[in-house]
Amino acid sequence: MNKKLITILLGLIAFVSVYADNGINSPYSRYGIGILNNQGLGVNRQMGGLGYALRSNSYINILNPASFSAADTLTMLFEAGMTLQNVNFKEGNRQINAKNASFDYIAMQFRVRKGLGVSLGFLPYSTVGYSFSTVSNQGSNETSTDTYSGSGGIYQPYIGIGWQPIKGLSIGAMASYIYGDIDHNVSIDFANSTDRSRTYNVSVRSYKLDLGAQYLARIADNHSIMLGATYSLGHNLNADASITDATSSSTNTTKIDDGFKLPHTYGFGLMYNYKENWRFGADYTLQQWGTSTFFGRDNGCDRSRVAIGAEYTPTKPSNNILKMMSYRAGAYYSQPYTEINGKNGCEEFGVSAGFSIPFVNRNNKYSFATLHVSGQYVHINPKSTGMIEENCLRINIGITFNEAWFMKMKVR
């Protein structure tokens with residue numbers, strides 16, 4: 001049975017890798033390498049995307065690979081998640097809504113030996129998806145229709161390991177293969193002149209390396225502080241990128257070299273824990289995109305992100321389902337990572353709240369599933385005048401299966 005489940009999971013990872021839907025519709029995915037995914041799973045999304053100092057043996061936290069060492073002795077974790085969203089675009093007095101859905105991630109985690117845990121899975125790194133057009137008057141009875149469209153993204157299968165060499169201290173590493181293709185198209189259709197088009201293409205095949213550490217400091221009875229830190233290696237992606245200009249009579253293609261890079265990324269987090277009931281935490285992230293350019297037209301900007309979050313879990317176990325649930329909330333603010341028309345791009349604000357419901361297998365109390373549900377409101381605020389404002393309402397749904405694979409049955 002275990003082998004069948006592993007085969008099914010690996011098959012799902014392969015399927016998602018090929019057929020993943022990016023589930024996004026934003027004109028700001030035109031810039032950089034698209035809209036960046038915060039990489040958090042179900043519980044992280046409930047708490048504003050924080051996770052550097054978060055660890056548990058009942059769910060997976062890939063924001064800090066050191067947390068993989070918390071894998072339980074007896075169980076195998078499987079987790080998958082999806083998002084439903086409605087986006088409101090506002091420009092002056094005009095508004096329009098767009099609905100999207102996406103299958104976001106799949107992951108698993110298990111223990112190899114005492115203090116040593118492994119996780120592997122698949123999730124997007126960035127996504128691109130948009131389509132819109134504008135009509136302008138060129139004078140002399142000439143008009144043009146400019147159409148902009150884009151699709152694709154960068155995806156990230158990963159494998160990571162976490163180790164606890166001494167009590168209270170854990171370290172970890174996560175290696176990812178990042179790949180994907182991004183296409184942007186701009187076509188200008190004139191009423192009385194020759195039409196033109198420009199196509200931007202980039203293909204990425206590279207790697208990503210994340211390192212992490214966590215340290216638990218007990219400050220009093222029932223009180224403790226978890227400290228977390230991460231580093232992601234920055235490097236040139238060696239991406240194959242080009243720009244193609246075309247008219248009805250000619251085509252010209254320009255190659256772009258050394259423009260696409262992964263940033264050096266630093267993350268720091270703190271989590272205060274009271275008993276097993278309350279958690280309060282904060283994260284800070286710095287991504288050094290400032291040395292990057294994208295298709296030779298837009299420069300990158302160093303990006304900071306701040307997140308805060310809280311969790312409350314009533315006393316366990318209980319026959320009351322409300323007392324077995326975990327309740328979480330969080331908020332975040334992030335700066336842009338790319339320029340738009342020579343100015344910094346869009347700031348982003350978000351708040352989230354959600355809960356996790358455990359469902360116990362009555363035939364085996366050590367095997368259970370936990371449903372993670374959260375609502376998230378995101379406001380994207382452009383720094384330049386005349387740009388589109390976005391307000392997004394998301395419903396994030398994830399489920400974690402906790403299977404007792406490694407338990408030894410005793411027959412009497």
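- Checked by atom type, the side-chain pair Y231/H264 shows a donor-acceptor distance below 3.5 Å.
- Among residue pairs with one or both ends in residues 123-135, none qualify as salt bridge (Lys or Arg N to Asp or Glu O under 4.0 Å); sequence neighbours excluded.
- The six-membered or imidazole ring of Y177 lies near that of Y179, with a centre-to-centre distance under 6.0 Å.
- Evaluation of the salt bridge (charged side-chain N to carboxylate O under 4.0 Å, His left out) rule for R394 yields no partner, not counting sequence neighbours.
- A donor-acceptor pair is defined here as one N or O able to donate and one able to accept, closer than 3.5 Å; such a pair exists between the side chain of S56 and the backbone of S58.
- Each of L50, D283, L227 was compared with L270 under the side chain to side chain contact (heavy atoms under 4.5 Å, CB included) criterion, and only L227 meets it.
- Between I62 and Y158, some side-chain heavy-atom pair lies under the 4.5 Å cut-off.
- Screening residues 46-63 for salt bridge (Lys or Arg N to Asp or Glu O under 4.0 Å) gives no qualifying pairs among residues at least two apart or on separate chains.
- Legend: residues meeting side chain to side chain contact (heavy atoms under 4.5 Å, CB included) with T265, ordered by chain and number and at least two apart, are S232, P263, T285, Q287.
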Legend entry - Residue pair Y274, H223: steps toward the side-chain contact (heavy atoms from CB on, under 4.5 Å) verdict: CA-CA 5 Å; Y274 175 67; H223 299 268; 3.4 Å; yes
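- Between atom CG of residue L262 and atom NZ of residue K208 there is a gap of 7.0 Å, rounded to the nearest 0.5 Å.
- Here the side chain of S170 pairs no donor or acceptor atom with the backbone of S69 at under 3.5 angstrom.
- Contacts of S304 classified as side chain to side chain contact (heavy atoms under 4.5 Å, CB included), with partners at least two apart in sequence or in another chain: Y284, L286, Q335.
- Applying side chain to side chain contact (heavy atoms under 4.5 Å, CB included) to V202 and the options I182, V128, I154 leaves one that passes, I182.
- Under the 4.5 Å side-chain criterion, counting only non-hydrogen atoms from C-beta, V43 is not in contact with N61.
- A cation-pi arrangement, defined by a distance under 6.0 Å to the six-membered ring centre and an angle within 45 degrees of its axis, is absent between R45 and Y105.
- Taking 4.5 Å as the limit, some side-chain heavy atom of K90 sits within range of a side-chain heavy atom of N88.
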Inset, instruction - Would you check, one step at a time, whether the test side-chain contact (heavy atoms from CB on, under 4.5 Å) holds for L54 with R279? - result: CA-CA 9 Å; L54 190 65; R279 288 180 176 180; 3.1 Å; yes
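- By the salt bridge (charged side-chain N to carboxylate O under 4.0 Å, His left out) test, R205 pairs with D181, sequence neighbours left out.
- Atom CD1 of I188 is separated from atom CG of D146 by 5.0 Å, given to the nearest 0.5 angstrom.
- Between the side chain of Y130 and the backbone N or O of S149 there is at least one donor-acceptor pair closer than 3.5 Å.
- For the atom pair CD1 (I60) and CZ (F68), the distance works out to 8.0 Å, reported to the nearest 0.5 Å.
- In this structure, Y52 and N64 approach most closely via the heavy-atom pair O-ND2, 2.8 Å.
- D72 has its side chain out of reach of R111: every pair of non-hydrogen atoms, C-beta onward, lies at least 4.5 Å apart.
- Residues Q39 and L123 approach most closely at CA-CD1, 3.6 Å, considering heavy atoms.
- With sequence neighbours left out, E390 forms a salt bridge (charged side-chain N to carboxylate O under 4.0 Å, His left out) with no residue at all.
- Residues C301 and W289 have side chains not in contact (no heavy-atom distance under 4.5 Å, counting atoms from C-beta outward).
- For F355 and Y327, the gap between ring centers reaches or exceeds 6.0 Å.
- Residue Y215 places its OH atom among 12 or fewer non-hydrogen atoms of other residues, nucleotides or ligands, all under 6.0 Å distant.
- For H235, the ring pair (Phe, Tyr, Trp, His ring centres under 6.0 Å) test picks out Y207, with sequence neighbours left out.
- Residue P336 comes nearest to N344 through the heavy atom pair CG-CB, 4.0 Å, listed as atom of the first residue, atom of the second, then distance.
- In plain terms, the two heavy atoms of I380 and C346 that are nearest each other are CG2-CB, 3.5 Å.
- Counting only N and O atoms by type, the side chains of S151 and D183 include no donor and acceptor under 3.5 Å apart.
- A distance-only check finds no donor-acceptor pair linking the side chain of S119 to the backbone of G160 [under 3.5 Å].
- Among residues at least two apart or in separate chains, there is no salt bridge (Lys or Arg N to Asp or Glu O under 4.0 Å) pair with a member in residues 299-310.
- R328 and S356 share a side-chain donor-acceptor pair at under 3.5 Å.
- A 4.5 Å side-chain heavy-atom check between N402 and T370 finds every atom pair outside the cut-off.
- No side-chain N or O of Q46 forms a donor-acceptor pair with one of S352 less than 3.5 Å apart.
- A pairwise comparison of heavy atoms in T313 and S326 identifies OG1-OG, 2.8 Å as the closest pair.
- Every residue two or more places apart in sequence or in another chain that forms a side-chain hydrogen bond (donor to acceptor under 3.5 Å, both in side chains) with E91 is listed here: R94.
- With a 4.5 Å cut-off on side-chain heavy atoms, N97 and Q95 do not count as touching.
- Listed by chain and residue number, nothing satisfies the salt bridge (charged side-chain N to carboxylate O under 4.0 Å, His left out) test with E389 (two or more places apart in sequence, or in another chain).
- In E276, the CD atom is not crowded: 12 or fewer heavy atoms of neighbouring residues, nucleotides or ligands sit closer than 6.0 Å.
- The list of salt bridge (Lys or Arg N to Asp or Glu O under 4.0 Å) pairs with a residue in residues 225-253, not counting sequence neighbours, reads R198-D245.
- Side-chain N/O atoms of T147 and S133 include no donor and acceptor closer than 3.5 Å.
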Inset, instruction - For side-chain contact (heavy atoms from CB on, under 4.5 Å), just list the numbers for V118 and F110, CA-CA rounded to whole Å, side-chain angles, deciding distance to a tenth of an Å, and then say yes or no. - result: CA-CA 6 Å; V118 171; F110 56 92; 3.9 Å; yes
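- The heavy-atom pair separating A241 from F260 by the smallest distance is CB-CE1, 3.7 Å.
- Surrounding CD1 of I96 are at most 12 heavy atoms belonging to other residues, nucleotides or ligands under 6.0 Å away.
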Inset, instruction - Walk me through it: do Y125 and V204 pass the test side-chain contact (heavy atoms from CB on, under 4.5 Å)? - result: CA-CA 12 Å; Y125 182 79; V204 173; over 6 Å; no
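- A heavy-atom distance below 4.5 Å is found between the side chains of Y28 and P382.
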